[in-house]
Structure formats: structure tokens, C-alpha cells
Amino acid sequence: MLWSKALVPTLREDPRQAENLSHKVLLRAGFIRPVGSGLYNLLPLGLRVTQKVTRIIREEMNRIGGQEMFLTALSPRSLWDKSGRWDAFGDDMFRLVDRKGQDMALCPTHEEIMALIASRELRSYKELPQVWYQFQTKFRDEPRPRGGVLRTRQFTMKDSYSFDLDYEGLNRSFNLHHEAYSRSFARMGHRFFVVQASGGLMGAGESAEFMVQAESGEDVSFVCPGCDYRANAEVAEARPAAAPQLQAKREKIRTPGLRSVEEVSGFLGIETSQLVKSLLFMRTEKPLLVLIRGDYELSEDKLRRHFGTDLTPAQDEDARKYMGASLGFLGPQGVDIETYADKSLEGSDTYAAGANQDDHHVVGISLSSETNIREYLDLRAVKTGDTCPKCNANLEGKRTIELGHIFKLGTKYSEAMGATVTDEKGEERAIVMGSYGIGVERSMAALVDQHYKDDRMAWPVSVAPYEVEVVSLGEAEVSAKIYQGLRNAGIQAALDDRDITPGAKFADADLVGIPYRVIVGPRGLKEDKVDVKNVATGEIIQVSKQDAVTKAAELVARETKDAGI
RNA sequence: CGGGGAGUAGCGUAGCCCGGUUCAACGCGCCUGCUUUGGGAGCAGGAGAUCGGAGGUUCGAAUCCUCUCUCCCCGACCA
């Protein structure tokens, strides 16, 4: 690349709308440009990075036997009706109507179409397993795009789908993807870890997310410093801290105006852990009462996963209507409402709670004899410092970016689309599917987060837009020679041949982040020397101008080898 | 959708409360010329904005009022 002829529109200042690091850097370095909310053009350098990301993933997918295909991004409604997702996606789906009046969707994902192919083309268990994948533009009308290219409404996803005869096969396909993803992210230079996750809209089964820690992350992951427990906050569990048993006779006590756990426990002279929080939720059909220990918070995420998304916290009128008291004075005793309790309450039977009468609480209620708790579930929101469920160390919450997600789908889509094969007994069986995704542009953004240090970007060689940049400080001839030499040596090289001052060149170089730099200036050339710089470490090696190409090539090769899997 | 913030030249900003000869300005970038060249150069000259849009109030609106559009941030969703 000759810089003087290339489109690398760097910006001296942070654009107004950019707040997080990767967004600022990608914008300023001229990798991306906004078009609308959650819509970005990839400029030449941005494209080069995403192409390298793509190539790495493709190699690793092929290594596990994946077969690349390319499906349509546009699809008729009928497909989505079969799985029920025409409705399930709601406003997240971009919809349009074709000239014949047929409803169409811009695909947010491709389970349905892949399952359709499977239903048409796969006949026998002998053809399984299959792993099919593609790199495809996905369209999701996100409620809130953010962080530049971290969460957009149009993005490229590598999505793959596995087709197995049974769950044992699915486990193998899942594990293969786990491996392929680990290798891919490692090769890209991500410092990632894997967490347990929830399936969300996609399906039911087990799932894992590949995460990198980043300020701008949208997720919170809990990581145990003592063992290998790692989980997304959506599903993270924690052992309840031991709580003293409440020793009290059953008694109703006037607690005028005291609603919060702290106020009530303080007034009653008991621990917050000896109090039951009673949370009333409204659903379309009937209300739901959820109980949690006073010293913990409810995870609405978990609640919704158990009971569906049409839950809303009860208003004061609702509380009066169903429980006869205002919010803040509710209790589970003697109530005829579907009730579930968090596992944190299992440690004891005796608690204090609201009295279901305004300005009153009751101490000494018995969960086993006075309430009709249907089940104890994990409904608690884990927070930093909570006890690891596996080893008793203190969990740490970290903000993370989700690079990829793998999950076991089961037969939801194969059944919906009629994707079956004949098994060895001659019987039709629904194919067991898995689905696996990586956001390509997001990976680029996450790499900035991890490799931008001290006002300077240094891409890992594996994904760098170029491998070596020759900075010509008024030494056009020697620079051009080295640049040509690098290209002849098979190095992806850029030459900053612009007629601008050195400072401006260095500033742009730091922004763009080409990982190795050859600086050709009069100062070094007096002794026939040039500088070869490892941008990530800041290390500079002086070599003679004749050795510049070999030295730079050697550094590139070494990093490639070190990262190479 | 709830909450918060922002739209003024290509980019970043000031001006707005308190309407009017600093009201359309400043820095960067851009164009021309000369000088300069190891960390965002200097001098001189120049081009570039109906102040997001539409109404309104007023003798007069970037500034006040109403409506509206767009973008960003925080929350519910996801790669």
C-alpha cells in the first residue's frame, strides 16, 4: 500500500459520537465510518482486518470438517412461521414486503434455512454428522446499537450448524466447535476465556460463550480466582453465605412506613438474611410471587428464563388487589398465589416477612408450613464477592465482550422444518442440531480493546491490516527500495510516502497500528542504518539498510510462529 | 420503550441562559506560494455554514416558543 494513494482517512480528534475506545480508534484510524445508527461502512483497512479474521475462522472451521456455504440473507415469512420466530423475534427482525405482497425477512440468523436444507437434502443417518457454515450479513433491528461496531444492526457473522443423529453426536460437534473457536480466537490474538451461558432466543440447551474482558463489554461474567468456574451473569450461581437461624416466636409487629429490607431488619433487630423479600410479578394470566433472601437481589434475567418474558413487576394496586397490602409489606404466608423461592432461602425455615397488612411485618413465619412454595430455584443475581459454587473462593465480576457463542439446539428447528433422517432401525428421527456464531466486526473491535496501549495500537500480525510499515522521512529512494524488498519477500507492506512532516506520519502510524515499522530517515542513513521497531513492545533495533527487509521479515515470521497454532 | 445528553464549515468546538456592529467565530483539515522535514511545522494568501428540519413570536432569531428528525450514552436483548 502506498499511503499517498490509499484511502486511510485518519482523524486528529475523537469524533463527537464516539465514546468507547474501540469505536474511537477504529473511527480515527480510518477503519470504519458510520452510515446510521448501528450501521458502519468498512473502509479499506477495516476490511483487511475483518478479512483476516474471516480467513482464520474459515481455516479452523475447515479443520473440524465444516463445509462452507452461502445462504440467502432474504427469506420468506413462511420459513419463520414454521419455527414460530416470525413472532418471537418481534421488532428485532427487519421485515419487508415484496412486490407480490409476500412478507419477507432480512435474516437475523439462519437456523431455519439451514434446517430447511437439512430437511430436503439429508435422508439417512449415514450422512451424519454434518457441519455447515457460512459468513453472512445478519440484520437485527437492535433496540440499542452501541459501541461502534460492537453491536450493530447489520454485521457479518460466521454461523455454523451441526447435524447429528443423537445427543452424543451433538456433544462431539459442540466440542469440536469449542476447539475451533479456541484456536481461532487464540490465533487472532484474543485473550479470551470461556463461560457458561444461556441460550436466549436461540434454544434451550447447554451453551458457552467466548469472552474477552473489556471496559466497553456489554456482559458481566463471573470468574472464580480459585477454580475454573466461569459463567455469564445471566446464569452464574453462587453459594449463599451462611445465615444465622432466626429464633423468634411468631409475632406480628407494627412497622409503620418501613418498607426496605434495611429499614425493617434494623427496626426488628435481625439480620437482613433473616428476612424474606417477597416480589410480586404480573403476567398476562395470573400473578407470580417470588421469594428471595433479604440480603440478596433477584435476577430478573433468570426469572424470565423460567417464567417467560411477559413478566412485569407489580404496581401498588396489584399488590393490594392480590395480597391486600402495599408493596413493602408483602409476605408469602397464607397466600394463594403461585410462589417460587430462591435457593438461598433453603438454609432455614424460619424468617421474617411482610404481614400482608400495611405497616406490619411478621417474624417467625415457617416457609414449610405457612407458604405454598412450589419449588426452590436459582433466581439470585450474583455479585462480586459472592461465593463460588464449586470451590468457595470469592467470584469476581468482569465486564466482557462476547466474541462467540456455541450452543446445543436439540431438535427444535429440525422438528419445525421437518429435518429428519432414517436411523439404523429404519425409523425417522429428528436431527439433533447445534448452532455456533462469531461476530466478525466485533472481533476487530475487541482486538482494539486488548491491543491499544499508551495511545498506540499494535495489531497482532495475524489480523493486522498490513504487517510492516515503512516510514519514509524524506528518504523516498531507500524507503521505496525497502518497501519493494518487503513485498518481494511476501510481506504485506505499507509505505508512508506522503509529503508530510515526520510527526504526522508517526501519529498516523500509531493510530493505524501496523505492528512492525521500518523508519528510514536521514539521521540513520548517515551511517547506512534504519530503525526496525516492534510497535507493541516499543523495542527498536538499528540495522543496516540492506538488512532491513530480512530483519522485519524475521520479526513478522517469529510472531506468526509464536502465535501460530 | 424508559431515563440522560447532543445536533453550528470536512472534523473538533465557542456563541444560546441575557435576541441586535466580535454573531456567524476559533482550532485542525483543505487549496496556492515560499520556507521546513526523527513525533501532529512556519509565514502569507484563499475556498468552505441558508447554525438538523418545519412552523411560530419579534422591527430583528444560531439564540425565545411549539412540533419534528437524527445521533450518542445508561437500562430490558444478542455475535
Side-chain angles (χ1 to χ4, degrees), chain A residues 9-20 23-24 27-28 30 33-39 53 57 88-93 108-109 135-138 140-160 181 197-202 207 209-211 216-219 232 234 300-301 303-305 309 311-313 401-407 435-446 455-456 471-476 498-511 517 519-526 529-531 533 540:
Chain A
T10 56
L11 305 172
R12 183 186 280 252
E13 286 162 298
D14 290 337
R16 196 200 324 251
Q17 80 272 20
E19 289 208 8
N20 83 53
H23 192 193
K24 282 181 192 169
L27 241 18
R28 286 190 55 197
R33 284 294 182 264
V35 174
S37 179
L39 299 171
V53 166
I57 300 169
F89 266 111
D91 289 338
D92 286 3
M93 187 184 248
T109 178
F135 291 89
Q136 178 58 274
T137 303
K138 307 293 185 195
R140 296 181 185 177
D141 197 355
E142 294 286 346
R144 186 157 89 81
R146 71 184 101 184
V149 99
L150 270 179
R151 168 165 228 83
T152 56
R153 297 194 297 169
Q154 173 182 335
F155 64 99
T156 312
M157 178 157 92
K158 186 291 299 178
D159 48 325
S160 52
Y181 276 36
S198 84
L201 239 192
M202 292 302 169
S207 90
E209 288 168 331
F210 291 73
M211 296 290 199
S216 59
E218 300 180 86
D219 296 280
N232 190 308
E234 294 168 348
E300 287 201 25
D301 250 347
L303 190 68
R304 283 175 210 287
R305 207 155 324 110
T309 49
L311 289 166
T312 52
I401 295 173
E402 179 187 344
L403 297 173
H405 196 165
I406 58 180
F407 33 111
S435 135
Y436 317 88
I438 297 176
V440 172
E441 294 88 350
R442 178 182 286 182
S443 233
M444 171 168 73
D455 299 319
R456 171 167 309 178
V471 180
S472 168
L473 301 177
E475 298 291 348
R498 294 173 297 173
D499 186 21
I500 57 175
T501 56
K505 289 190 181 187
F506 288 128
D508 275 354
D510 290 344
L511 218 38
R517 198 178 290 173
I519 302 157
V520 185
R523 210 159 71 187
L525 282 187
K526 265 188 238 154
K529 295 278 173 74
V530 300
D531 292 344
K533 179 174 184 180
I540 294 175

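Values in this document were obtained by computation on a predicted structure and should not be read as measured data. Just so we're on the same page: letters track the sequence lines, and every chain starts at 1.
- Across all strands, A:Gly521 comes closer than 4.0 Å to base atoms (heavy-atom distances).
- Nucleic acid contact for A:Pro522: base, since at least one base atom lies under 4.0 Å from a heavy atom of the residue.
- Here, B:A9 and B:A14 have their C1' atoms 14 Å apart, quoted to the whole Å.
- You cannot call A:Phe506 stacked on the base of B:G38; the centres under 5.5 Å and planes under 30° rule is not satisfied.
- The partner of B:C17 is absent, by the rule that a Watson-Crick or G-U pair needs both atom distances under 3.5 Å.
- Within 4.0 Å (heavy atoms only), A:Asp510 reaches at least one base atom of the nucleic acid.
- The side chain of A:Arg12 approaches B:C28 more closely than any other nucleotide in the set B:C73, B:C78, B:C28.
- Nucleotides B:U22 and B:G15 have their C1' atoms positioned 11 Å apart, rounded to a whole Å.
- Checking B:C71, B:G40, B:A79 against the side-chain heavy atoms of A:Arg151 singles out B:A79 as nearest.
- Across B:C69 and B:C31, the matching C1' atoms stand 35 Å from one another, rounded to whole Å.
- Counting any heavy atom pair closer than 4.0 Å across all strands shown, A:Pro145 reaches sugar-phosphate atoms only and no base atom.
- The gap from the C1' atom of B:U8 to that of B:G27 amounts to 15 Å, rounded to the nearest Å.
- Residue contacts shown for A:Asn20 are absent, as no nucleic acid heavy atom lies under 4.0 Å away.
- Looking at heavy-atom distances under 4.0 Å, A:Lys533 makes contact with a base.
- Straight-line distance from the CG atom of A:Asp91 to the C1' atom of B:C1: 10 Å, rounded to whole Å.
- Here B:G7 is the nucleotide among B:G7, B:G40, B:G38 with the atom lying nearest to any side-chain atom of A:Arg16.
- Of all nucleotides present, none satisfies the Watson-Crick or G-U wobble test against B:U57 with each distance under 3.5 Å.
- If you check B:C1 for Watson-Crick or wobble pairing at under 3.5 angstrom, you find it paired to B:G75.
- Taking atom C1' in both B:G4 and B:A49, one finds a spacing of 29 Å when rounded to whole Å.
- Heavy atoms of A:Ile519 sit under 4.0 angstrom from at least one base atom.
- Whole-Å rounding puts the A:Gln136 CD to B:A79 P distance at 16 Å.
- Residue A:Gly90 is out of contact with every strand shown, counting any heavy-atom pair closer than 4.0 Å.
- Classification of the A:Tyr181-A:Tyr436 ring pair by plane angle, with boundaries at 30° and 60°, yields perpendicular.
- Taking only distance into account, the side chain of A:Asp508 meets the base of B:G40 through a donor-acceptor pair shorter than 3.5 Å.
- Contacts of A:Ser443 with the nucleic acid, taken as non-hydrogen atoms under 4.0 Å apart, are absent.
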